[in-house]
2 protein chains.
Amino acid sequence: MATIHDVAKLAKVSIATVSRVMSGADPVNPKTQQRVLAAMEKLNYRPNGLARNLRNLRTNVIIALMPNIQNPFFSEVIRGIEDGAREAGFHLLIGNTDGDRGKAKEYMALLDESLADGLILTTAQTDQAFLDEFAAHRPIVLACEYMEGSTIPTVSIDNISAARKVVKHLLALGHRRIAHIMGPNEVILSRARLAGYRQALQQHGLEVDEMLVQEGDFSLDSGYRVTRKLLSFKRPPTAIFAANDEMAIGAIRAIREHGLQIPDDISVAGFDDLTVSSFVSPSLTTIQQPRYEIGYRSVEMLIRLIRSEPLAQTQVVLDDSLVIRESSGVPKEHM
Amino acid sequence: MATIHDVAKLAKVSIATVSRVMSGADPVNPKTQQRVLAAMEKLNYRPNGLARNLRNLRTNVIIALMPNIQNPFFSEVIRGIEDGAREAGFHLLIGNTDGDRGKAKEYMALLDESLADGLILTTAQTDQAFLDEFAAHRPIVLACEYMEGSTIPTVSIDNISAARKVVKHLLALGHRRIAHIMGPNEVILSRARLAGYRQALQQHGLEVDEMLVQEGDFSLDSGYRVTRKLLSFKRPPTAIFAANDEMAIGAIRAIREHGLQIPDDISVAGFDDLTVSSFVSPSLTTIQQPRYEIGYRSVEMLIRLIRSEPLAQTQVVLDDSLVIRESSGVPKEHM
DNA sequence: TTGTATGCGTTATCAT
DNA sequence: ATGATAACGCATACAA
């Protein structure tokens with residue numbers, strides 16, 4: 001690979017002049033500029049990004065950590081992050097943690113090794129105390145979930161109110177035995193959605209039947225398994241609210257295999273509005289959240305942090321909306 | 001951030017000794033080692049990766065390019081790549097190209113800027129001539145599709161024979177009017193699967209009705225739209241083979257909306273065996289390919305290329321298998 | 001307008 | 001066993 005020295009020698013100038021031609025910062029005589037350009041062309045010169053980064057002490061790399069690259073919810077968030085990063089001249093390094101805190105910390109360490117300029121977490125990935133401390137001195141943004149009492153810049157919807165909205169919809173249809181398939185209890189998101197579920201029932205004067213709250217892991221398969229369990233109860237629920245669409249699709253499968261009709265025998269609602277959710281049969285009632293925008297706004301904030309620019313607000317809450325489709329309906333006893 | 005000089009000063013040694021303590025290559029007196037370690041601890045020293053990389057002229061970064069991060073097929077391939085990369089101490093930079101060759105070339109340029117050590121393409125992303133030339137002097141592996149007459153190291157299944165297998169299955173059930181929803185014509189994969197479709201029909205002595213070959217773009221929605229078109233024909237097909245599962249799921253939706261039963265009125269088959277494909281209703285007949293392994297083997301090859309180690313073989317073809325589920329059955333006139 | 005010289009923080013060579 | 005020093009390739013302050 002040709003270096004700046006090779007170009008300088010061929011163009012009969014100093015390396016400083018070559019550097020100036022590249023940056024365009026200082027004025028350069030048009031004729032020498034031509035010579036330099038010609039030399040760069042001839043040598044097929046590409047500046048070494050490593051040297052440039054060391055000199056500038058910046059990498060132009062942003063890391064986005066996701067618990068699971070397979071999850072289509074996050075991939076749309078990532079698209080928003082990527083677009084925002086590209087527009088600002090940053091590269092995106094995507095890290096998959098599989099919910100493993102060790103992996104997450106490994107990626108976070110890249111910040112301290114100067115191999116990345118900033119970090120976006122989609123879901124917290126680790127304990128709040130550690131994260132607060134870590135983020136205090138480093139450019140970090142938390143996307144998708146909100147940590148109560150934390151000072152970390154955050155972009156998310158209000159998961160509690162969104163979950164409440166789903167359950168109120170089911171209550172309004174006449175359901176009284178509504179089950180909730182929650183996500184992993186250690187995930188903040190999961191607890192927030194569970195809280196919304198409880199609030200809706202309580203505001204309706206109903207007690208929460210703890211048997212009807214079951215934990216999944218956000219996978220299709222866990223939704224399937226948990227639903228089979230729910231259906232085996234003496235008094236099965238008339239509606240199931242799953243904490244994400246994938247578990248809801250798993251639930252649909254289990255219900256159909258059980259020989260029941262949706263929504264006639266049992267209603268199902270999810271959360272996220274994946275693309276596939278309007279294509280499954282029956283199509284899924286769910287919460288639509290602005291996934292792309294969550295990503296885009298997150299990276300905007302992060303870049304301001306990296307540049308030490310002030311933040312207008314540190315906690316951004318975006319709007320969600322309830323999408324009612326075929327999977328939710330009036331319970332049988334009311335028909 | 002503390003540097004190696006700060007550590008050296010505090011420990012009252014030279015920077016060379018600090019470096020030795022870190023690498024463990026040369027012997028160091030245990031007592032001085034303790035002093036150095038203590039100093040590193042006290043200063044919370046983290047070596048600067050940028051400087052290290054510049055010195056070594058390596059980044060330990062591998063780039064994986066995918067046409068669409070949303071596509072669950074690729075995300076499993078990426079998992080394989082990521083695991084392989086991690087095991088070998090590499091970081092993975094994931095690039096989304098949206099099928100845009102400009103974006104792809106931008107990422108490829110990172111190789112020439114020394115910001116990455118190697119590149120994996122999942123689908124070719126660009127024209128063969130450019131790619132062959134580009135790959136001739138750089139560590140590059142092509143995953144998922146095979147380019148006829150190319151010398152680029154490749155890991156994939158045999159898409160032609162796999163597609164043939166699907167169509168032969170439909171023929172064996174008694175279908176004669178079999179439609180094909182192909183992927184974008186500029187994608188090698190799409191043309192390979194189309195070729196397999198043609199071969200199967202021809203080997204069965206059937207002519208290909210060109211009206212029954214329609215182009216989609218691998219999205220759910222395109223499968224839906226194209227299927228509506230197919231169903232509007234005077235003589236609609238009795239079976240549809242979609243070039244991927246997402247289009248097949250779109251097709252299922254269109255067929256149900258049309259009031260037809262699957263597989264009684266019309267059979268559907270896909271390609272890829274996404275997780276969701278066994279959960280949709282009816283569950284999908286499809287081709288299962290070793291996505292994770294494709295990724296894993298690709299990165300293995302790439303790392304050998306980066307290290308200038310010899311390759312046992314440059315074109316790896318892995319096994320696929322036909323998974324028969326509920327969406328394909330005997331056509332009505334045969335029942 | 002251009003050149004010289006220094007430093008970014010490592011690793012590695014060569015002495016001692 | 002340890003230290004001094006030279007790269008790695010670039011950007012920039014300062015001189016000319």
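A, B, ... follow the sequence lines: proteins, then strands. Residue 1 opens every chain. This is a predicted model, so every value here is computed, not measured.
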Nearest to the side chain of [X], heavy atoms from C-beta on, is which of [options]?
| X | options | answer |
| --- | --- | --- |
| Asn48(B) | dC8(D), dG3(C), dG9(C) | dG9(C) |
| Val28(A) | dA11(D), dT10(C), dT2(C) | dT2(C) |
| Pro27(B) | dT11(C), dA1(D), dG9(D) | dA1(D) |
| Thr32(A) | dA1(D), dT10(C), dT2(C) | dT2(C) |
| Pro47(B) | dC10(D), dG3(D), dT10(C) | dT10(C) |
| Arg20(B) | dA13(D), dC14(C), dG9(C) | dC14(C) |

[N] [atom2] sits how many Å from [X] [atom1], rounded?
| X | N | atom1 | atom2 | answer |
| --- | --- | --- | --- | --- |
| Leu57(A) | dG9(D) | CG | C1' | 14 Å |
| Arg52(B) | dG9(D) | CZ | C1' | 19 Å |
| Leu50(A) | dA11(D) | CG | P | 13 Å |
| Asn60(A) | dC10(D) | CG | P | 16 Å |
| His5(A) | dA5(C) | NE2 | C1' | 11 Å |
| Ile4(B) | dG7(C) | CD1 | C1' | 16 Å |
| Asn53(B) | dC8(C) | CG | C1' | 14 Å |
| Asp26(B) | dA12(C) | CG | P | 9 Å |

Give [X] one of three labels, base, sugar-phosphate or nothing, depending on what nucleic acid heavy atoms sit under 4.0 Å from its own.
| X | value |
| --- | --- |
| Leu54(A) | base |
| Val13(B) | sugar-phosphate |
| Ile15(B) | base |
| Met1(A) | nothing |

| task | Check whether NZ of the Lys or CZ of the Arg Arg86(A) lies under 6.0 Å from the centre of the six-membered ring of Phe90(A) and within 45 degrees of that ring's axis. | result |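 No.
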Hey, does the side chain of [X] come within less than 4.0 Å of [N]'s phosphate (OP1/OP2), counting only N and O?
| X | N | result |
| --- | --- | --- |
| Thr17(A) | dG3(C) | yes |
| Ser19(B) | dT11(C) | yes |
| Thr3(B) | dG9(C) | no |

| query | Toward the 5' end of DNA chain D, which comes first, Lys12(B) or Met22(A), by nearest nucleotide? | reply |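 It is Lys12(B) whose nearest nucleotide is closer to the 5' end.
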| said: Between Ser14(B) and Asn56(B), which residue's closest nucleotide on DNA chain D lies nearer the 5′ terminus? | reply: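 Of the two residues, Ser14(B) wins.
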| Ignoring hydrogens and angles, does a donor from either the side chain of Arg55(B) or the base of dA7(D) sit under 3.5 Å from an acceptor on the other? |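 For Arg55(B), whose side chain was compared with the base of dA7(D), there is a donor-acceptor pair (under 3.5 Å).
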| task | Answer with yes or no whether Arg46(A) presents, from its side chain, a donor or acceptor under 3.5 Å of a partner atom in the base of dG9(D). | result |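 Absent.
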| NZ/NE/NH1/NH2 to OD/OE distance under 4.0 Å, Glu309(A) and Arg304(A) |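 Counted as a salt bridge, because a side-chain N and a carboxylate O are separated by less than 4.0 Å.
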| query | Hey, is CD on Glu148(A) packed in by over 12 heavy atoms from elsewhere, all under 6.0 Å? | reply |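 For Glu148(A), atom CD is not crowded (no more than 12 foreign heavy atoms under 6.0 Å).
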| message | More than 12 heavy atoms of other residues, nucleotides or ligands under 6.0 Å from NZ of Lys103(B): yes or no? | response |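 Enclosed: over 12 neighbouring heavy atoms sit under 6.0 Å from NZ of Lys103(B).
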| query | Rounded to the nearest 0.5 Å, how far apart are CZ of Arg58(A) and CD1 of Ile306(A)? | reply |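 It comes to 9.0 Å.
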| Donor-acceptor contact below 3.5 Å, side chain Ser190(B) vs main chain Pro184(B) |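 Here the side-chain-to-backbone pair exists.
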